[in-house]
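Here is how names work: the chains are called A, B, and so on, in the same order as the sequence lines, proteins then strands, and each is numbered from 1.
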Amino acid sequence: MLDIKYLRENLAEAEKRLASRGGAIDLSRFKLLDEKRRELLKEAEALKEKRNSVSLEIGKLKKSVSGSMEGKEAGEMLAEMQGVSARIKSLDELIAGAEKELNDFLLFIPNTPHASVPTGNDANDNVPVRLWGEPAKFSYPPLEHTELGGALGIIDTERAGKLSGARFSLLKGAGARLERALISFMLDLHTAKHGYTEVLPPFMVKAEMLVGTGQLPKFEEDLFKIEGWPSYLIPTAEVPVTNIHRDEILEEDALPVCYAAYTPCFRKEAGSYGKDVKGLIRQHQFNKVELVKFSTPEKSYDELEKLTSDAEEVLKQLNLPYRVMALCTGDMGFSSAKTYDIEVWLPGQGKYREISSCSNFEDFQARRAGIRYRPKGGKPKFVHTLNGSGLAVGRTLVAILENFQQEDGSVIVPDILRPYMGGMERIKRG
RNA sequence: GGAGAGGUGGCCGAGCGGUCGAAGGCAGCUGCCUGCUAAGCAGUUGUAGGGGUAACACUCUACCGGGGGUUCGAAUCCCCCCCUCUCCGCCA
């Protein structure tokens, strides 16, 4: 959510910045609602002040046991105050309505992009930031992970469909082990080398948490709601982990707070029919190790660079070629002020595919979720929140299969993972 | 699922219709004092939203788990809900 005071004073600028995301947003309604609310507030507060002072008088008069004069006077005041109270009550209702209207409006307004974000319409306008690694040369047309995984007997798409339908997967044997190895490896790397604290959050959350991070109210159709229960399955660990500090005031010295969390993620993928229908790329359920940070506003962009490089380190250690893209204004997510995507090279598809998305949300989520910190000796301020995949586990598994495939259909296990695979060096058929 | 207890400021803990944003203690901050990390004395210390200011100051309103109600007036009375704790039962 955007800062109301910022909007009051910079409405035109805010509109311009939001327009760069594509699709102009008319903020004139904000002005209307905000002014209406403040007018009602003024009237109600003036009446409350009166009620408070007169009530005090009445109390005093009643106590001063003296004559009936006071008693009479008090009686008149009483009658007047009944009217005042009734008016306050109806004003309070109007105010609550106005506040809800204003809030509902603001909850649908996306974040304003940071000045360093390239302007553009869609993914084609994203800007390459750096490239790492050299795609391997193959003496034959490299296979896609679906073929490799099927032939090796480690990915069973048919039975996954039998169990759960399209966009689910069933891993077996070395495939299942590899997925588990990747989760452990990533968590170990981020906790031991990058200083994150491991957390294992609930996989179901209340609706308010999703409002906090920005998935609700606008993107309800992407989420799995649990029928007969007031919770949703999490679409990413970002939701429970960011909300860990909801309605808290953190000490400045404690920042940045850095968490790494493994969770499954559940997404309806509404509107992606026909995209990536084969294989593990786009699933209703997938595993991810997520990195989440809480930072001071001053340091949040440095923290974004660090977080991104922490995620890149996973690919480096696995020796998987990748590139980093700065998302343009038109391609960024709703809550983000700036996002880098990390894209891993997939030889089977012959292209780079997103494997991580690292964002700084500035105070957008913090304001929604009430996450603040106390600057030394000052008033509480909203923190900046950041997060990024470190990494999407299923897609990493895909990248390993495709990049390290051999002509005989086997797959070499990256060195760093072998301890997690019971020493296995190569995934072979059978 | 059954039986009890309780939710008050950073923490502990009083208050049980008006003078309560809320005693007291702890912690924190600021002075003073004492030559030595301690103790003592005095003062101070919540959050949000209006108004106001160049910015302070100042001022008003709200907040005692959440939501309703009674009342001129509620932390205090009534109703509903949520949460926590203890005991019993059941269970991964």
Pairing partner of B:U86, by Watson-Crick or G-U wobble and under 3.5 Å for both distances, is B:A3
Whole-Å C1' distance, B:G1 and B:C91: 12 Å
Output the single nucleotide from B:U19, B:G49, B:C72 whose closest atom is nearest the side chain of A:Ile58. B:C72
Does B:C36 have a Watson-Crick or wobble mate here (both distances under 3.5 Å), and if so which one? none
Is the shortest side-chain N to carboxylate O distance from A:Arg8 to A:Asp3 below 4.0 Å? no
In whole Å, what separates the C1' atom of B:G7 from that of B:A75? 12 Å
With ring-ring contact (aromatic ring centres under 6.0 Å, His included) as the test, pick out the partner of A:His114 among A:Phe364, A:Tyr340, A:Tyr301. A:Tyr301
Which whole number of Å gives the distance between the P atom of B:G89 and that of B:C83? 24 Å
Starting at the 5' end of RNA chain B, which residue's closest nucleotide do you reach first, A:Ala46 or A:Ile4? A:Ile4
Once you apply the 3.5 Å cut-off to both distances, tell me the Watson-Crick or G-U wobble partner of B:G28, or none. B:U44
Applying the Watson-Crick and G-U wobble criteria at under 3.5 Å, what pairs with B:C58? Answer none if nothing qualifies. B:G51
Between the side chains of A:Asp92 and A:Lys48, is the shortest nitrogen-to-carboxylate-oxygen separation below 4.0 Å, so that they form an ion pair? yes
Integer angstrom distance from the P of B:U86 to that of B:G25: 32 Å
Of all the choices, B:U61, B:C72, B:U47, which nucleotide is nearest to the side chain of A:Glu49 once you look at every atom? B:U61
Tell me whether the side-chain N/O atoms of A:Lys60 come closer than 4.0 Å to OP1 or OP2 in B:G18. no
Is the distance from the ring center of A:Phe219 to that of A:Phe334 below 6.0 Å? yes
By the 4.0 Å heavy-atom rule, please label A:Arg8 as base, sugar-phosphate, or nothing. sugar-phosphate
In whole Å, I'd like the distance from the CG atom of A:Asp92 to the C1' atom of B:G49. 13 Å
Compare side-chain N and O positions of A:Ser85 against OP1 and OP2 of B:G73 and report whether any pair is under 4.0 Å apart. yes
Rounded off to whole Å, could you give me the NZ-to-C1' distance for the A:Lys50 and B:U59 pair? 19 Å
What integer number of Å spans the C1' atoms of B:G28 and B:C12? 15 Å
Tell me which nucleotide among B:C72, B:G51, B:A62 gets nearest to the side chain of A:Lys42. B:G51
Residue A:Lys48, side-chain heavy atoms: nucleotide from B:G50, B:A62, B:C72 that is nearest: B:A62
Quick one: is A:Asn52 getting a side-chain N or O under 4.0 Å of the B:A62 phosphate, OP1 or OP2? yes
What are the two closest non-hydrogen atoms of A:Leu7 and A:Ala14, and how far apart are they? CD2-CB, 3.6 Å
Evaluate the criterion side-chain hydrogen bond (donor to acceptor under 3.5 Å, both in side chains) for residue pair A:Ser335 and A:Asn111; output intermediate values, then yes/no. CA-CA 5 Å; A:Ser335 304; A:Asn111 203 354; over 6 Å; no
Please report, rounded to the nearest Å, how far the P atom of B:G67 is from the CD atom of A:Glu93. 14 Å
Can you tell me if the side-chain N/O atoms of A:Arg38 get under 4.0 Å from OP1 or OP2 in B:G51? yes
Decide, yes or no, whether a salt bridge links A:Glu43 with A:Arg87 under the criterion of side-chain N to carboxylate O below 4.0 Å. yes
Separation of B:G67 atom P from A:Lys89 atom NZ, nearest Å, is 15 Å
Looking only at atom C1', what distance separates B:U53 and B:A62, rounded to whole Å? 23 Å
Proximal nucleotide (of B:G49, B:C72, B:U19) relative to the A:Glu45 side chain: B:G49
For A:Met81 and for A:Glu99, locate the closest nucleotide of RNA chain B by heavy-atom distance; then report the residue assigned to the nucleotide nearer the 5' terminus. A:Glu99
Does A:Arg374 make a side-chain N or O approach to OP1 or OP2 of B:U47 shorter than 4.0 Å? yes
Can you check the distance between B:U34 and B:C16, where both ends of the measurement are the C1' atom (answer in whole Å)? 45 Å
We want to know whether A:His245 and A:Tyr259 form a side-chain donor-acceptor pair, criterion being a heavy-atom distance below 3.5 angstrom. yes
Heavy atoms only, 4.0 Å cut-off, all strands: where does A:Lys206 land among base, sugar-phosphate and nothing? nothing
Which nucleotide in the list B:U61, B:A62, B:G69 gets nearest to the side chain of A:Arg51? B:A62
As its Watson-Crick or G-U partner within any shown strand, both distances under 3.5 Å, B:G17 has none
Which value, in whole Å, describes the distance between the P atoms of nucleotides B:G10 and B:A48? 12 Å
Nearest listed nucleotide, side chain of A:Arg372, among B:G18, B:A48, B:G50: B:A48
Separation of atom CZ in A:Arg246 from atom P in B:G65, rounded to whole Å: 20 Å
